[in-house]
Amino acid sequence: MEAVLIHLRGAIERGEYAIGDKLPSEAELCRRLDVSRPVLREALRALQAMGLTQSRTGKGTFVIASSVEDPTFGDFTASDLLEVRRHVEIPVAGYAALRRGPENLDHLAHLLERMERETDTTAWVAMDTLFHLAIAEAAQNPVFRRVIEEIRDALARQSAFLNELGGRREQSNREHRAIVEALVDGSEHDAVEAMSHHLDRVESTLTDIVRPPRTDSSTEGGPEA
């Protein structure tokens, strides 16, 4: 999928597909690139999240930008989402360290164990959003939970994007464990630091994905088999 994405993204950024152009049909792209339809569809979803294309029901996929600026997850751009997460989730982690109860810690520990065992990306992403909701619940303020619920779909889309293109799952599990350990210790400082580090890594992975890919002989002619 990554090779297909790099190839299609490169073709758009080189101007082979201009703004307003319709990409070839899925069947044609599968034939040209010698990939399965599920692989192609993952790449097309990633192109759309990057803001390069737009899928129009019954009409196909159209190019809407010539370069990646700010990926979009659901209704929110990555930059807007991250800004809000920093202002909400970092202090929430601190409150959670001070206010969490035994049931909150048990729930988080159970989620963490399941996430560390999970190998299916879709299932892991679903638990990732539950994890961040559980942190908000541990802060014992229903408004925090409501805010996280409001952006839950965007969080899930971003999480899937980072895992598919940035290989974030194992690293994220370690970061989540550090957050839970800080909550267990009741350390507001450590919880704030752990959540800050987690969001820093999210931002750096997004930056790496958005940065224009290096092109070489293996991507110029399409993905290798």
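Side-chain atoms are counted along with the backbone in the values below, which use heavy atoms only and exclude waters and symmetry mates.
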Linked, directly or transitively: L40 and F62 (ILVMFWY side chains, under 4.5 Å): no
Please answer whether the main-chain N or O of K59 pairs with a side-chain N or O of K22 as donor and acceptor at a distance below 3.5 Å. yes
If you compare all heavy atoms of M195 against all heavy atoms of A93, which two are closest, and at what distance to 0.1 Å? CB-CB, 3.9 Å
At what distance, to the nearest 0.5 angstrom, does CD1 of I209 lie from CG of L162? 5.0 Å
As a quick check of understanding, evaluate side chain to side chain contact (heavy atoms under 4.5 Å, CB included) for M50 and V210, giving each step before the final call. CA-CA 8 Å; M50 287 178 169; V210 170; 5.9 Å; no
Give the intermediate values and the outcome of side chain to side chain contact (heavy atoms under 4.5 Å, CB included) for residues L44 and E26. CA-CA 9 Å; L44 292 175; E26 288 187 3; 4.1 Å; yes
Any side-chain heavy atom of L47 within less than 4.5 Å of one from R9? yes
Using residues 130-141 as the side-chain source, report each donor-acceptor pair under 3.5 Å to any protein atom, sequence neighbours left out, with the distance given to one decimal.
unit_1 : atom_1 : unit_2 : atom_2 : d
H132   : ND1    : E89    : OE1    : 2.6
E137   : OE2    : R145   : NH1    : 2.1
Q140   : NE2    : N104   : OD1    : 3.0
N141   : OD1    : V143   : N      : 2.9

Is the closest side-chain heavy-atom distance between M115 and E113 below 4.5 Å? no
Are L199 and L112 connected in a single hydrophobic cluster, I mean Ile/Leu/Val/Met/Phe/Trp/Tyr linked by side-chain heavy atoms less than 4.5 Å apart? yes
What's the separation between atom CD1 in I12 and atom CD1 in I19, rounded to the nearest 0.5 Å? 10.0 Å
Is R85 close to I90 at the side-chain level, that is, under 4.5 Å between some pair of heavy atoms? no
I'd like to check L52 versus Q48 (side-chain heavy atoms, cut-off strictly below 4.5 Å). Are they in contact? no
Apply side chain to side chain contact (heavy atoms under 4.5 Å, CB included) to residues L183 and L105 and explain how you reach the verdict. CA-CA 8 Å; L183 266 57; L105 295 179; 4.0 Å; yes
When rounded to the nearest 0.5 angstrom, what is the spacing between CG in L81 and CD in E203? 11.5 Å
Under-4.0 Å salt bridge between E118 and R114: no
Nearest heavy atoms of A182 and A97, plus distance in Å: O-CB, 4.3 Å
Could you give the distance from CZ (F76) to CD (Q158), rounded to the nearest 0.5 Å? 12.0 Å
Heavy-atom pair with the smallest gap, counting every atom of A43 and V4: CB-CG1, 3.7 Å
Donor-acceptor pair, D70 side chain versus S79 backbone, under 3.5 Å? yes
Sub-4.5 Å side-chain heavy-atom contact between S66 and E13: no
Please examine the side chains of P71 and F73, heavy atoms only from C-beta on, and report whether any two atoms are closer than 4.5 Å. yes
Heavy-atom side-chain proximity of R177 to N173 below 4.5 angstrom: no
Closest non-hydrogen atoms of G74 and D153, given as atom of the first, atom of the second and distance, are CA-OD2, 4.1 Å
Atom pair CE (M127) and CG (L111), whose distance is rounded to the nearest 0.5 Å: 7.5 Å
Taking R31 first and then E28, would you say they form a salt bridge - that is, a charged N and a carboxylate O separated by under 4.0 Å? yes
Taking D200 first and then R86, would you say they form a salt bridge - that is, a charged N and a carboxylate O separated by under 4.0 Å? yes
Could you pull out the closest heavy-atom pair between A126 and T129, with the gap in Å? O-OG1, 2.8 Å
Any idea which heavy atoms bring A65 and G51 closest together, and the distance? CB-O, 3.4 Å
Report yes or no: do D80 and T77 form a side-chain donor-acceptor pair below 3.5 Å? yes
Answer yes or no: does atom CD of E150 have more than 12 heavy-atom neighbours from other residues, nucleotides or ligands under 6.0 Å? no
More than 12 heavy atoms of other groups within 6.0 Å of E103 CD: yes
Is it true that E175 and R168 have a side-chain N and a carboxylate O under 4.0 angstrom from each other? yes
Expected output: side-chain S159 to main-chain L155 donor-acceptor under 3.5 Å: no
Is there a side-chain contact between V184 and R100 (heavy atoms, below 4.5 Å)? no
Begin with the C-alpha distance, continue with both residues' side-chain angles, and end with the deciding distance and a verdict on side chain to side chain contact (heavy atoms under 4.5 Å, CB included) for Q171 and R169. CA-CA 6 Å; Q171 187 180 64; R169 190 188 309 158; over 6 Å; no
Can you tell me how far CG of L5 sits from CZ of R45, rounded to the nearest 0.5 angstrom? 12.0 Å
Parallel, tilted or perpendicular, judged at 30° and 60°: which one describes the rings of H176 and W124? parallel
